[in-house]
Number of protein chains: 2
Amino acid sequence: MANAFYGQSGGVSAVINATAAGIIEGAKAYPELIDKVFAGRDGILGALYENLVDISEESEETLAGLVHTPGGAFGSCRHKLQNPNVNHDEYQRLIDVFRAHDIRYFFYNGGGDSQDTTRKLADAAHYVGYDLTCIGVPKTIDNDLPETDCCPGFGSVAKYVAVSALEASLDVASMHKTSTKVFVMEVMGRHTGWIAAAAGLACDNRELGPDVILVPEITFDRDAFVRRVQQTVAKKGFCIVVAAEGIRDDSGNFVSQMETTDAFGHAQLGGVAPRLVDYIKQSLNYKCHWSVCDYLQRAARHIASKTDVDQAYAVGKAAVDYAAQGLQAVMPGIVREQSVPYQWHIEPIHISKVAGGEKHMPRHYMSKDGFSLTQAGRDYFAPLIEGEAYPPYRNGLPDYQKCRNRLLERKLPEYFGKTTQKPTPETA
Amino acid sequence: MANAFYGQSGGVSAVINATAAGIIEGAKAYPELIDKVFAGRDGILGALYENLVDISEESEETLAGLVHTPGGAFGSCRHKLQNPNVNHDEYQRLIDVFRAHDIRYFFYNGGGDSQDTTRKLADAAHYVGYDLTCIGVPKTIDNDLPETDCCPGFGSVAKYVAVSALEASLDVASMHKTSTKVFVMEVMGRHTGWIAAAAGLACDNRELGPDVILVPEITFDRDAFVRRVQQTVAKKGFCIVVAAEGIRDDSGNFVSQMETTDAFGHAQLGGVAPRLVDYIKQSLNYKCHWSVCDYLQRAARHIASKTDVDQAYAVGKAAVDYAAQGLQAVMPGIVREQSVPYQWHIEPIHISKVAGGEKHMPRHYMSKDGFSLTQAGRDYFAPLIEGEAYPPYRNGLPDYQKCRNRLLERKLPEYFGKTTQKPTPETA
């Protein structure tokens, strides 16, 4: 019997805590193997700096509420482990902390970069002969993990953007004759258009939903875009545009200029919507409005997809099952059996197939002209937004939980890693 | 027995169609007085251009769905009637159309400018001796109508921004140690801070919700703002800012520059959030994220307040009752009896007290430093977001209805008004 470490990594989502709940409740099924579950405060940084939380110290109410609470209950981070030959100290420190707290199970919940962390740690533990079962757990609103059919976190964002685009189209449809003709909604998606494309689910034969969808996989052509907006306004009186933040022109430049980069070296974007509105105004002089969803879309637990919540919980539970079965360096992946009615199951995927990967949206999910979701795309996305999973409410607001996150007493000297990001100090 | 005209005016909301439902169902209680309800296509423009829809031609399903469908089901407009001495033709035309269709009841659903339309029309009808019962029906997400305790449409926006600010704060709380420290959320509110202030409902003793709220009623002081953000980040690690689009500096300039003006002469704003982020970055170099809610907030029927939906329906029904009782030039106003538990009723307000007015938020709803919601403010806002009123869903999306809006056969020659905005042509 030993303890388990659970860490949340990368951008958080509306359902990552449902995965935490799956792991916490899943671990109870193996009392002979797993004693306590320790959450890392801010993901892997919690292990490095020995900032650990004993999950059993949280109240029953808090733990029961994880499944409906957005954000990362234990804190997340964007910290990429370097290669062992570059920074061996980091791995040594992780093993030291795990040994000190008798941690023999490592569950890391994140996207491609986080799966890479799990893979590297599994290798390092093996190299130094420390027995550590390492299981990756999928989470990314970007839906860009290879191998798995979809990623927990994505379905809820997809539902949010489709519902929002539908609602905005009803608003603009009401006013377009004498007011706003074009509405531009900016959604997340640095390199892939999964989120933007999913907004197309709001389209039906009633002229509602997005008329123009812009995805990073398809080169942005300003003239073609403006022409399409003009044609749409001429035809139906107004135009709803949904644009991914990461669209680029034919020179490969982001339509929204790069400003800074985050810790993973990704460009930080924002501001595509006002840029597109500028283009439209310059050429067409329509009255335009625009919105930028940003964090609201990925935190919107109030409009989460039930399918997504179920899958998020299921991958957490499966991760523990895999660990109990003695699997090593795998990630629970979602396998689609059929779309209508939607049926899926979970299978282990070796983490080397997932680590650092990035899955682009198939080109045929978008129409030839690049602006609309095709039937093939609809078939893929539709089941992922199915079902509602409302949080309970108190006084008109969702009754979201907040963990106490009291730190375990430290057993090791303070860590002064040479290249790691250091979280703001917190006392045990 | 005669017919009734119903028009939607100004910016639409998540619950204006619930008011329409209240009027349509309310009219059924007076079969001896009201024969048909005709909706104006695009508000008053529908009367001017004789674009009328016989509501009874819509399907039962569509009419039943109005109560949960956002946007303006019959189209809205921003058209301000000029004074009769300036443009007498417009009034004459309206009376002509009403006479042609035997319309003797006029229900106009909108904000301060729309109430002004109703007042002017009532006067004009009286002047020319045409018997027309004119009832204003309140609707504005801005919550700035005088006399009434609150305005249908507002409670749902308040709920949306409070829920969104709460969710965003959970997101940023998860990541702030190594990522985003400041999140800025821009909400509507040209002249009043009702919406921005209501986001403060998300604050509790858990360090969630907005830390800094910026409202137009309080002069924006860049230095004080940046200092407050810095202090908040120093204290709790991150800072959530909610800013109304209409905040101004001490010279009276909008923080977001003016670009154009709408038909009512209001400045069209947008882009406060990126401006505030610029200020923060220049002084503090924190990683920031920002969102602009724009139409999403006022169309978000999926997270509507049940209180708001109930009140929206009730004012519609009351409007018909007032008409049946022979009241003239009144608007149903909401009277708060008590806040806990919330009790309210509806009373007629003479429209001259409301027309063109604009109610600012009381200063004591905000703290002395101007950045936080006070207990008095909470007491006011809290009941307005109470209760959930989810729309039905189909295939993962709200089952919103769309009216056919087939136009009645015209009885008069085409109208070529000299100063009116003309809607895009539509054939009967």
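Order of the sequence lines fixes the chain letters, A, B, ..., with proteins taken first and strands second; residue numbering starts at 1 for each chain.
- Note: B:P70 leads B:P70, B:A168, B:A158, B:S13 in heavy-atom pairs under 4.5 Å with chain A.
- Put simply, the side chain of B:I303 does not reach to within 4.5 Å of the side chain of A:I303, judged on heavy atoms.
- Contact count versus chain B (heavy atoms, under 4.5 Å) is highest, among A:A202, A:A173, A:A299, for A:A299.
- Smallest separation of non-hydrogen atoms from A:L201 and B:L397: O-CD1, 3.4 Å.
- A:M175 CE to B:Q8 CD: the interatomic distance, rounded to the nearest 0.5 Å, is 10.5 Å.
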Set out, in order, the CA-CA distance, both residues' side-chain angles and the distance that settles side-chain contact (heavy atoms from CB on, under 4.5 Å) for B:K159 and A:Y393, then state yes or no.
CA-CA 12 Å; B:K159 190 172 183 106; A:Y393 279 69; 4.1 Å; yes

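- Atom-to-atom distance recorded for B:S179:OG and A:H79:NE2 is 14.0 Å, nearest 0.5 angstrom.
- Within the 4.5 angstrom heavy-atom criterion, only side-chain atoms of B:L208, from C-beta onward, approach chain A.
- With hydrogens and angles disregarded, no donor-acceptor distance shorter than 3.5 Å links the side chain of A:K177 to the backbone of B:C77.
- Only the backbone of B:N395 comes within contact range of chain A, judged by heavy atoms closer than 4.5 Å.
- Counting non-hydrogen atoms of other residues, nucleotides and ligands closer than 6.0 Å to NZ of A:K402 gives a total above 12.
- Per-residue heavy-atom pair counts under 4.5 Å with chain B were compared for A:G75, A:A73, A:A273, A:S174, and the maximum is reached by A:S174.
- When heavy atoms are compared at a cutoff of 4.5 Å, B:S305 does not approach chain A at all.
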Determine, step by step, whether A:T178 and B:D42 satisfy the side-chain contact (heavy atoms from CB on, under 4.5 Å) criterion, reporting the C-alpha distance in whole Å, the side-chain angles of both residues, the deciding distance to 0.1 Å, and the verdict.
CA-CA 8 Å; A:T178 58; B:D42 310 313; 5.6 Å; no

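- Between the CD atom in B:Q297 and the OG atom in A:S164 there is a gap of 11.5 Å [rounded to 0.5 Å].
- By number of non-hydrogen pairs under 4.5 angstrom with chain B, the leading residue of A:L384, A:L166, A:I16 is A:L166.
- For the atom pair OH of B:Y400 and CD of A:E167, the computed distance is 3.5 Å after rounding to the nearest 0.5 Å.
- Of all the listed residues (A:S291, A:G71, A:G72), the one sharing the greatest number of non-hydrogen pairs under 4.5 Å with chain B is A:S291.
- Note that CG of B:L170 and OG1 of A:T69 are 7.0 Å apart. Values are rounded to the nearest 0.5 Å.
- Taking the six-membered ring for Trp and thresholds of 30 and 60 degrees, B:W290 and A:W290 have ring planes more than 60 degrees apart, a perpendicular arrangement.
- The closest side-chain heavy-atom distance from B:F183 to A:L296 is below 4.5 Å.
- The number of heavy-atom neighbours closer than 6.0 Å to NZ of B:K235, taken from other residues, nucleotides and ligands shown, is 12 or below.
- Only the side chain of B:Y160 comes within contact range of chain A, with heavy atoms under 4.5 Å apart.
- For the options B:P398, B:S76, B:A165, B:A382, heavy-atom pairs under 4.5 Å to chain A are most numerous at B:S76.
- Annotation: maximal heavy-atom pairing with chain A below 4.5 Å, among B:R301, B:E207, B:R394, B:E386, occurs at B:R301.
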